[in-house]
Amino acid sequence: AYDSLMVQPVFGPPIELGPDVRVCQGESTVLTAQTAATDVVWSPSDGLDRTLGNTVICLPSATTRYIASARGDSGCVNFDTITVVVLPRPDAHAGADTSICAGSSVQLNASGTADRFEWSPTIGLDDPTALRPIASPVQTTTYVLRALTGTCESFDTVTVFVSTLNVGISADTVICKGEATMLRASGASTYQWTPPAGLSDPNSDTPLASPQTTTTYTVRGIDQLGCEQTRSVTVRVRDTASIRLIAGSVTAAAGSEDV
């Protein structure tokens with residue numbers, strides 16, 4: 001006698017995670033399990049905001065292969081896998097802040113490894129796509145270096161300080177011989193007057209000048225960035241007029257008090 005038994009396999013619920021994902025280091029991505037099951041478990045837990053549910057936020061520190069298991073009402077389990085590939089970010093180092101005098105230039109000392117580089121703003125740069133362009137800004141400017149490799153990018157900044165030195169000086173003046181006048185300079189941090197002859201202090205912003213002859217003084221003003229500028233002022237000296245008094249003869253009556 002024969003008998004038969006039909007065994008019908010029961011499969012877990014279908015589940016689909018989609019194609020592998022590529023992210024830049026430090027970026028997150030959303031992983032979604034396409035399944036009708038409500039009991040979905042993710043592993044490993046590294047980089048996941050949670051391990052239960054159809055949707056998780058993934059922020060892995062390194063390339064990771066994730067497994068999502070779906071359990072149906074029958075108790076059977078099905079699973080799928082997805083790999084999140086973490087791409088390294090390019091290096092971007094804009095260099096140390098620097099300073100220049102008005103009208104001069106400086107080469108930005110940037111470094112890095114990337115497929116391409118972009119600087120912004122572009123104003124004052126000879127080549128905004130070069131790693132180390134020549135910068136000639138007319139005012140203090142902060143430049144942003146963007147390094148790109150594929151879809152990944154990194155940023156860094158550098159500031160070029162531009163001197164605003166503008167030395168002011170008093171107007172030309174006239175004095176009599178033996179007199180003194182105060183000279184005035186402004187706009188700098190330190191001052192140097194030449195020639196020093198006839199000056200009370202050649203390193204002051206307000207020295208007293210008492211030259212013996214007409215003299216043109218030049219002041220060199222230096223700011224905190226080391227930039228310098230010169231201005232000149234002339235002190236004209238007039239000779240004093242000599243006066244000679246000649247006494248005449250005077251007569252008076254004896255005993256008179258008036259002369």
Side-chain angles (χ1 to χ4, degrees), residues 21-30 46-49 57-64 84-170 184-194 203-206 218-233:
V21 178
R22 298 162 68 91
V23 297
C24 299
Q25 191 172 34
E27 290 182 348
S28 63
T29 187
V30 176
D46 296 344
L48 301 181
D49 66 332
I57 297 176
C58 176
L59 181 60
S61 58
T63 297
T64 305
V84 179
V85 179
V86 178
L87 303 174
R89 288 187 180 275
D91 291 331
H93 305 284
D97 294 343
T98 188
S99 60
I100 60 173
C101 300
S104 60
S105 303
V106 65
Q107 184 169 24
L108 301 183
N109 191 28
S111 62
T113 303
D115 290 344
R116 65 186 189 278
F117 299 94
E118 296 175 358
W119 289 92
S120 62
T122 60
I123 186 168
L125 300 180
D126 68 333
D127 185 355
T129 63
L131 178 59
R132 301 179 64 188
I134 302 296
S136 309
V138 297
Q139 61 185 4
T140 296
T141 304
T142 296
Y143 291 102
V144 179
L145 173 62
R146 181 188 183 201
L148 300 101
T149 296
T151 59
C152 298
E153 59 186 8
S154 296
F155 297 89
D156 197 15
T157 62
V158 61
T159 299
V160 179
F161 296 94
V162 180
S163 170
T164 58
L165 177 63
N166 185 18
V167 175
I169 196 170
S170 52
R184 290 181 174 85
S186 61
S189 300
T190 61
Y191 304 90
Q192 297 174 0
W193 294 85
T194 56
N203 296 315
S204 171
D205 59 340
T206 55
T218 299
V219 64
R220 182 166 67 119
I222 305 172
D223 67 7
Q224 293 180 342
L225 298 181
C227 300
E228 61 182 60
Q229 197 174 67
T230 59
R231 294 286 186 268
S232 297
V233 58

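Heavy atoms only: backbone and side chains are in, while hydrogens, waters and symmetry mates are out. In this text the structure is predicted, and so the values were computed from the model without any measurement.
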* To do: For side chain to side chain contact (heavy atoms under 4.5 Å, CB included), just list the numbers for T151 and C24, CA-CA rounded to whole Å, side-chain angles, deciding distance to a tenth of an Å, and then say yes or no.
  => CA-CA 8 Å; T151 59; C24 299; 4.0 Å; yes
Give me the atom names and distance for the closest heavy-atom approach of [X] to [Y].
X: I100; Y: P137; value: CD1-CD, 3.9 Å
X: D91; Y: F117; value: O-CE2, 4.1 Å
X: A147; Y: A114; value: CB-CB, 3.7 Å
X: P90; Y: T149; value: CB-OG1, 3.5 Å
X: W193; Y: V233; value: CZ3-CG1, 4.0 Å
X: A94; Y: D156; value: N-OD2, 2.9 Å

Going from [atom1] on [X] to [atom2] on [Y], what distance comes out if it is rounded to the nearest 0.5 angstrom?
X: E27; Y: R22; atom1: CD; atom2: CZ; answer: 12.5 Å
X: R146; Y: T129; atom1: CZ; atom2: OG1; answer: 13.0 Å
X: T164; Y: D223; atom1: OG1; atom2: CG; answer: 7.0 Å
X: L108; Y: L131; atom1: CG; atom2: CG; answer: 9.5 Å
X: T142; Y: D97; atom1: OG1; atom2: CG; answer: 7.0 Å
X: E228; Y: S163; atom1: CD; atom2: OG; answer: 10.5 Å

* Evaluate the side-chain proximity of L165 to C101: yes if any heavy-atom separation is below 4.5 Å, no if none is. =>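 Not in contact.
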* Where do I222 and Q192 land on the side chain to side chain contact (heavy atoms under 4.5 Å, CB included) test, with the steps shown first? -> CA-CA 9 Å; I222 305 172; Q192 297 174 0; 4.3 Å; yes
How about [atom1] on [X], more than 12 heavy atoms from neighbouring residues, nucleotides or ligands closer than 6.0 Å, or not?
X: R89; atom1: CZ; result: yes
X: I57; atom1: CD1; result: no
X: Q139; atom1: CD; result: no

* V21: which of V85, V30, V86, T29 passes side-chain contact (heavy atoms from CB on, under 4.5 Å) -> T29
* Asked: Pick one: which of I169, V219, V167, T218 meets side-chain contact (heavy atoms from CB on, under 4.5 Å) with T230?
  -> T218
Is there a donor-acceptor pair under 3.5 Å between the side chain of [X] and the backbone N or O of [Y]?
X: S170; Y: R184; value: yes
X: T157; Y: Y143; value: no
X: T98; Y: V160; value: no

* To do: Evaluate side chain to side chain contact (heavy atoms under 4.5 Å, CB included) for V158 paired with L145, printing each intermediate quantity in order.
  => CA-CA 8 Å; V158 61; L145 173 62; over 6 Å; no
